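No hydrogens, no waters, no symmetry mates; every other heavy atom, side chains included, goes into these values. Here the structure is a predicted model, which is why all the values come from computation and not from measurement.
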Amino acid sequence: MTRTLAGTPAADGFRMPGEFEPHAGCWMLWPERPDNWREAARPAQLAFAQVAAAIAQFEPVSVGVSGPHYAAARALLPETVRVVEMAHDDAWMRDVGPTCVVSGRGVVRGVDWRFNAWGGLAGGLYFPWDQDDLVARKVLEIERLERYRAPLVNEGGAVHVDGEGTALVTEECLLNANRNPSLERTDVERLLREYLGVSQIIWLGRGVFNDETGGHIDNLACFVRPGEVCLTWTDRERDPQHASSLDAWERLKDARDARGRRLQVTRLPMPGPLTLHAREAAGVIAREGTRPRTAGERLAASYVNFYIANGGIVMPLLDRRTDRAAAQRLKRLFPDRRVVGVPAREILLGGGNIHCITQQIPAGGRGRR
């Protein structure tokens, strides 16, 4: 059984490493809900299997699957991928899985945030979410890592760090009253410092337009390496995303990181705009308590929602008009990593993308397994 610790990561000398630091492996969950994924989730399952196979080229991958879907998932996933029977409510491992922290000696532990399906009963995406709230603990038990249970409703996709004391977050998400209504900005900052081991928090405003997570940072901006940030961007001034990206650009240019550096910001062009097709919406079975999928609605598509693996970048392919330009820019940003594109529209239709469905376990002192 994984021990639950009484202190905080910062007090115990732990920090959240950057995603670009070495991994012991990656965790995912299997999409199953017919009220979120079209055609009983079969197209999404094929897409998730492709993502798992792409990441498995670079590092070990584990996938949590419910009992009824175990055999099908095992058949679709590569033999090199570990399949673990695990109850869950939906497939967003970034948000429900553990956010791992490391010590100077290479010890790895996990932060288990409180989860309320991105807003609870005041705008959350589904009910109930009790099984999702147990996923982080289950992963930590399987990985035999000690656990901090944070007193904060938060999701892994709401934070990005540089590993050197700086965190990127958005006001739209972390200050939303449907997450932690009793907390002020200063309270949220204190808890982020305590549980991520950071000293500098850079607040951006709004996330990607129509992002149903409430403006997660991982769809808008991320650290490429310490001192360098990648930002989703559109030059179309009439696009509702333009004002949010421009505001983020200006805040990033004015900011200093924990070491006093100005940030270098690279713009990553957006795909689309992309919308939900009528035939796609028709394949989702509507159910009370779950966010409906409506034909014509804008999809929160972003190439920033990629996964950094050991020696690789696994990026979403979303739009033939812009995929190549995005891949070329990522190759320039990550010259020492191989960029692999995976068709990801089916993941986008469920409300997120490749970064949202993955969660890395840092190598710490364990080396690359």
Side-chain angles (χ1 to χ4, degrees), residues 28-48 51 63-69 72-73 86-97 113-136 138 153-158 172-173 176-181 207-216 218-219 274-302 305 344-359:
M28 299 174 61
L29 288 166
W30 196 242
E32 302 171 8
R33 299 179 69 109
D35 56 354
N36 187 57
W37 305 99
R38 72 188 185 105
E39 297 174 22
R42 181 68 175 184
Q45 289 167 358
L46 295 173
F48 274 56
V51 171
V63 181
V65 183
S66 71
H69 289 264
M86 181 181 291
H88 56 281
D89 294 304
D90 206 355
W92 308 105
M93 183 58 92
R94 176 65 51 178
D95 292 344
V96 303
W113 308 106
R114 299 180 188 277
F115 180 73
N116 74 349
W118 308 276
L121 299 178
L125 302 185
Y126 50 75
F127 177 87
W129 54 79
D130 56 308
Q131 292 303 311
D132 272 352
D133 197 37
L134 295 174
V135 167
K138 294 176 182 178
V153 174
N154 189 33
E155 305 93 34
E172 180 185 2
C173 177
N176 193 319
N178 67 13
R179 296 301 207 282
N180 300 283
V208 169
F209 177 73
N210 213 32
D211 184 345
E212 62 193 48
T213 66
H216 270 185
D218 72 347
N219 224 21
L274 304 179
T275 57
L276 180 65
H277 300 152
R279 59 178 173 80
E280 293 168 335
V284 178
I285 298 174
R287 188 172 71 176
E288 187 177 354
T290 304
R291 182 188 187 278
R293 299 285 172 206
T294 306
E297 69 181 357
R298 171 81 171 256
L299 300 170
S302 168
N305 209 293
R345 182 175 175 89
E346 293 297 337
I347 307 171
L348 178 63
L349 295 179
N353 225 292
I354 289 174
H355 195 259
C356 305
I357 66 171
T358 53
Q359 180 60 272

How far apart are the closest heavy atoms of W92 and G351, and which atoms are they?
CH2-C, 3.9 Å

Can you tell me if H216 uses its side chain to pair, donor with acceptor, with the backbone of G156 under 3.5 Å?
no

Could you go through Q45 and E346, starting from their C-alpha distance and side-chain angles, then the distance that decides it, and tell me whether this counts as side chain to side chain contact (heavy atoms under 4.5 Å, CB included)?
CA-CA 9 Å; Q45 289 167 358; E346 293 297 337; over 6 Å; no

Do E280 and R293 meet the salt-bridge criterion of a basic N to acidic O distance under 4.0 Å?
no

So which atom in G97 and which in A136 form the shortest heavy-atom distance, rounded to 0.1 Å?
C-CB, 3.7 Å

Spatial distance of atom NE2 (H88) from atom CG (D130) [nearest 0.5 Å]
13.0 Å

Tell me, do R279 and R38 make a side-chain contact under 4.5 Å, heavy atoms counted?
yes

Has R298 got its NZ or CZ under 6.0 Å from the middle of the six-membered ring of F209, at an angle within 45 degrees of the ring axis?
no

Test log, rule side chain to side chain contact (heavy atoms under 4.5 Å, CB included), inputs W118 and E155:
CA-CA 8 Å; W118 308 276; E155 305 93 34; 3.8 Å; yes

Quick check on the 6.0 Å ring-centre criterion: do F48 and W37 meet it?
yes

Let me confirm one number: the CG-CZ distance from D89 to R33, rounded to the nearest 0.5 Å.
6.5 Å

Taking the side chain as every heavy atom from C-beta outward, state whether N353 and S302 have any atom pair closer than 4.5 Å.
no

Nearest heavy-atom contact between A278 and A295 is CA-CB, 3.7 Å

Taking D132 for its side chain and V96 for its backbone only, find out whether a donor-acceptor pair lies under 3.5 Å.
no

So, applying side chain to side chain contact (heavy atoms under 4.5 Å, CB included) with D90, which one of N36, I357, D95 is it?
N36

Considering all heavy atoms of both residues, which atom of W129 and which atom of A117 are nearest to each other, and what is their separation?
CE3-CB, 3.7 Å

What is the distance from atom CE of M93 to atom OG1 of T358, rounded to the nearest 0.5 Å?
10.0 Å

Would a 4.5 Å heavy-atom cut-off, applied to side chains only, mark L299 and L349 as touching?
yes

In this structure, NE2 of H277 is separated from CD of E297 (nearest 0.5 Å) by 12.0 Å

Okay, side chain of N154, backbone of W113: is any donor-acceptor separation there less than 3.5 Å?
no

May I have the step-by-step check of side chain to side chain contact (heavy atoms under 4.5 Å, CB included) for D211 and E172, ending in yes or no?
CA-CA 10 Å; D211 184 345; E172 180 185 2; over 6 Å; no

Here the pair of heavy atoms bringing V135 nearest to A87 is CG2-O, 4.0 Å

Looking only at non-hydrogen atoms, find the nearest pair between G215 and C173 and report the distance.
O-CB, 3.8 Å

Look at the side chain of E212 and the backbone N and O of L125, then say whether any donor-acceptor pair between them is shorter than 3.5 Å.
no

Nearest 0.5 angstrom please: M86 CE to K138 NZ, how far?
6.5 Å

Looking at CZ of R345 and CD1 of I347, how far apart are the two atoms once the value is rounded to the nearest 0.5 Å?
12.5 Å

Is there a donor-acceptor pair under 3.5 Å between the side chain of N219 and the backbone N or O of G207?
no

Can you check whether R287's main-chain N or O pairs, donor with acceptor, with D35's side chain at less than 3.5 Å?
no

